[in-house]
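The chain is numbered in sequence order, starting from 1.
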Amino acid sequence: MSGRARGGRVRRPAAGGDLSERSGADPRGNSELATLPALGPSRAARRPTSAQRQLDSGLQVLAVRMDGVPLVEVRLQIPFAGRTATHRSASALLANSLLLGTAHRTELELVQALQELGTEVGVAADADRLTIGGTVLRSGLPALLDLLAEILTGAAYPAEPVDGEQRRLAEQVRIARAQPGVIAGAARARRLFGEHPYGRTMPEPDDVTSLTVARIRRLHRDRVQPGGAILVLVGDLNPQRTLDAVEGALAGWSAGSAPARYPAPPVERPAALLLVDRPGAVQSCLRLGGPAAPRTDPGHPALQLANFVFGGYFSSRFVANLREDKGYTYTPRSAVEHRQAGSTFSIDADVSTAVTAPALLETHYELGRMATLPVRQQEVDDARHYVLGTLAISTSTQAGLASTLVGLAGFGLGLDWLAAYRKALLAVSVDDVLEQARRFLAPSGLITVVVGDAAAVGPQLAAVAEITTE
């Protein structure tokens, strides 16, 4: 990990990471920093043994051998887009209720069956997909597949337990929607995506309480389908035999209607800064956002490096300016996020009310530098090593590789893309970074939302941006 202080740079080793050679003035008073070993060459990981098959139902199955421990990671991703205003509420309640029992087992019996295998199953839903995951000993995989089939084809959604989950979800939504960060994120989504489903980031409490058990059962019947779904298994397994086992266990999960797909979100033209009032707030939440290159875009690797140079990790310009130099915020950050129908670039910073406008001004300054001036080669190299290192770490475990692959599979990508992405990162030049920064990081191309005390920050912000309120 590295940090920046006035008067020079200090490099500190990140856990498990390599370090570049550095020397220079030490702000603590030493004349020279210690010379550190130079980074070694980036090594490509060996491609693991794998097998892939599309079942007659439409389910795609990928099995990857990664031994070391006798475990298997299981990840199932089901397309779950929906265009109704209440779909996010219904999908969240379905995810919370999926394991409340089946046609053949009560919730307690299902929990006991999973415990006998030494595993737990988790379920989550977002705007694009329903994800089911778990870890099991290699010897318990056939039994887990049978339980998964039972859940997919026979989830019962018993009325009284579902009512309890409904009450809990409504309360969780009420609490979350009172948090300033959630308010800011929701406002940015509305500003960026308008009436597109991506513009709704959180369920409404009233939408949750209006749901019925019949609606959830119908949603399961209509949407928990194998068509377009992807099952990834990573671990100490024989890939071909695992595909056979999956095909046998899930033979009863029959195809249904074609999964819904979102249209591409609109490319909203930047408008005035949106100021959302929170009277008496001692902090302001700054949120910026705009479109980004998807993973399949040839410019995506260069955009990722541009993002990291700007604000994607601790050694970035944004962190050095707002945190280390100005002391405006503790965790400024930027990210490239990928959704099924489009990708976005986002910036987050929470600052004290008194420095809201100066922090926004510095944010625009750093974005403008990225979009108009070439970055230094050393900055690109540092970001490249960081991205390559985190990629290697995230795919070095069974769980990490399974989660990475199921995420990529939703975009039609897989093991070959991982190898190609590494090569593409190694080939990115300073000019490539500048080109992508001009496309996606220019401040004139981003929407801005500020959540804070409007009476206190409004006059500040009016000096640097046109303002509209909500």
Side-chain angles (χ1 to χ4, degrees), residues 58-59 76-100 122-133 151-153 155-159 161-177 179 182-183 185-230 253 255-266 268 289 337-344 406-407 410-411:
L59 176 66
L76 174 63
Q77 186 180 101
I78 302 169
F80 224 66
R83 299 180 185 179
T84 65
T86 59
H87 178 73
R88 291 298 295 272
S89 303
S91 61
L93 183 55
L94 182 145
N96 289 0
S97 306
L98 183 63
L99 304 179
L100 294 179
V123 185
D126 61 20
D128 290 312
R129 60 209 149 226
L130 181 74
T131 303
I132 304 171
I151 293 165
L152 294 170
T153 60
Y157 301 101
V162 172
D163 287 344
E165 288 299 329
Q166 186 177 28
R167 291 191 296 271
R168 278 189 286 273
L169 178 60
E171 185 62 22
Q172 290 167 0
V173 169
R174 291 188 186 97
I175 293 171
R177 293 184 75 89
Q179 303 303 312
V182 174
I183 295 171
R188 174 171 58 192
R190 291 193 302 273
R191 197 72 164 165
L192 192 58
F193 299 116
E195 294 302 314
H196 190 277
Y198 287 164
R200 297 188 291 269
T201 60
M202 283 283 291
E204 295 283 351
D206 290 345
D207 291 340
V208 175
T209 56
S210 69
L211 295 170
T212 65
V213 172
R215 166 80 185 277
I216 302 305
R217 290 171 178 165
R218 184 169 61 252
L219 181 64
H220 182 109
R221 183 179 65 250
D222 295 342
R223 303 300 307 282
V224 182
Q225 301 290 345
I230 299 147
W253 191 25
S257 58
R261 298 289 183 183
Y262 288 137
E268 296 289 338
E337 300 169 322
H338 302 288
R339 298 175 177 86
Q340 203 68 45
S343 301
T344 55
V406 79
F411 298 92

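Atoms CG and CD1, from Leu100 and Ile216 in turn, are 11.0 Å apart once rounded to the nearest 0.5 Å. Here OG1 of Thr153 is found 14.0 Å from CZ of Arg221. Values are rounded to the nearest 0.5 Å. Rounding to the nearest 0.5 Å places OG1 of Thr209 at 5.0 Å from CG of Asp206. Atom CG of Leu76 and atom CD1 of Ile230 lie 9.0 Å apart (nearest 0.5 Å). One distance of note links CD1 of Ile78 with CG of Asp128; it measures 14.0 Å at 0.5 Å rounding. Separating the CZ atom in Arg339 from the CZ atom in Arg129 is a distance of 9.5 Å, to the nearest 0.5 Å.
Under 4.0 Å is where a charged nitrogen must lie from a carboxylate oxygen, and between Arg168 and Glu165 at least one such pair does.
A donor-acceptor pair is defined here as one N or O able to donate and one able to accept, closer than 3.5 Å; such a pair exists between the side chain of Gln166 and the backbone of Leu211. Arg177 places no side-chain N or O within donor-acceptor distance of the main-chain N or O of Val182, the cut-off being under 3.5 Å. At least one donor-acceptor pair closer than 3.5 Å links the side chain of Tyr198 to the backbone N or O of Ala341. Panel note: side chain Gln340, backbone Gly410; a donor-acceptor pair is recorded below 3.5 Å. Arg223 places a side-chain N or O within donor-acceptor distance of the main-chain N or O of Ala81, the cut-off being under 3.5 Å.
The heavy-atom pair separating Ala170 from Val208 by the smallest distance is N-CG1, 3.8 Å. Summarising the geometry of Pro203 relative to Val173, their closest heavy-atom pair is O-CG1, 3.1 Å, with the distance given to 0.1 Å. For the residue pair Ala159 and Val213, the shortest heavy atom distance occurs at CA-CG2, 3.9 Å. Closest approach of His196 to Pro266, counting heavy atoms only: CB-CD, 3.9 Å. Considering every non-hydrogen atom in both Phe193 and Gly199, the closest pair reads CB-N, 3.6 Å. In this structure, Ala85 and Asp207 approach most closely via the heavy-atom pair O-OD2, 3.9 Å.
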inquiry  = Using the rule given for side chain to side chain contact (heavy atoms under 4.5 Å, CB included), can you reason through Ile132 versus Leu98, listing the C-alpha separation, both sets of side-chain angles and the distance that settles it, and then say yes or no?
reply    = CA-CA 10 Å; Ile132 304 171; Leu98 183 63; 3.7 Å; yes
query = What's the verdict on side chain to side chain contact (heavy atoms under 4.5 Å, CB included) for Ile175 and Gln172, showing C-alpha distance, side-chain angles and the deciding distance?
reply = CA-CA 5 Å; Ile175 293 171; Gln172 290 167 0; 5.8 Å; no
query = Going through the checks in order, is the salt bridge (Lys or Arg N to Asp or Glu O under 4.0 Å) test met by Arg88 and Glu204?
reply = CA-CA 9 Å; Arg88 291 298 295 272; Glu204 295 283 351; over 6 Å; no
query = Taking it one step at a time, do Val123 and Leu94 satisfy side chain to side chain contact (heavy atoms under 4.5 Å, CB included)?
reply = CA-CA 9 Å; Val123 185; Leu94 182 145; 5.8 Å; no
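For Arg191, the side-chain hydrogen bond (donor to acceptor under 3.5 Å, both in side chains) criterion is met by no residue, not counting sequence neighbours. For His220, the ring-ring contact (aromatic ring centres under 6.0 Å, His included) criterion is met by Tyr157, not counting sequence neighbours.
Residue Glu195 qualifies as open at atom CD: its count of foreign heavy atoms under 6.0 Å is 12 or below.
With no hydrogens or angles considered, a side-chain donor-acceptor pair links Thr86 and Arg215 at under 3.5 Å.
His87 and Phe80 have tilted rings, their planes meeting at an angle from 30° to 60° on a 0 to 90° scale.
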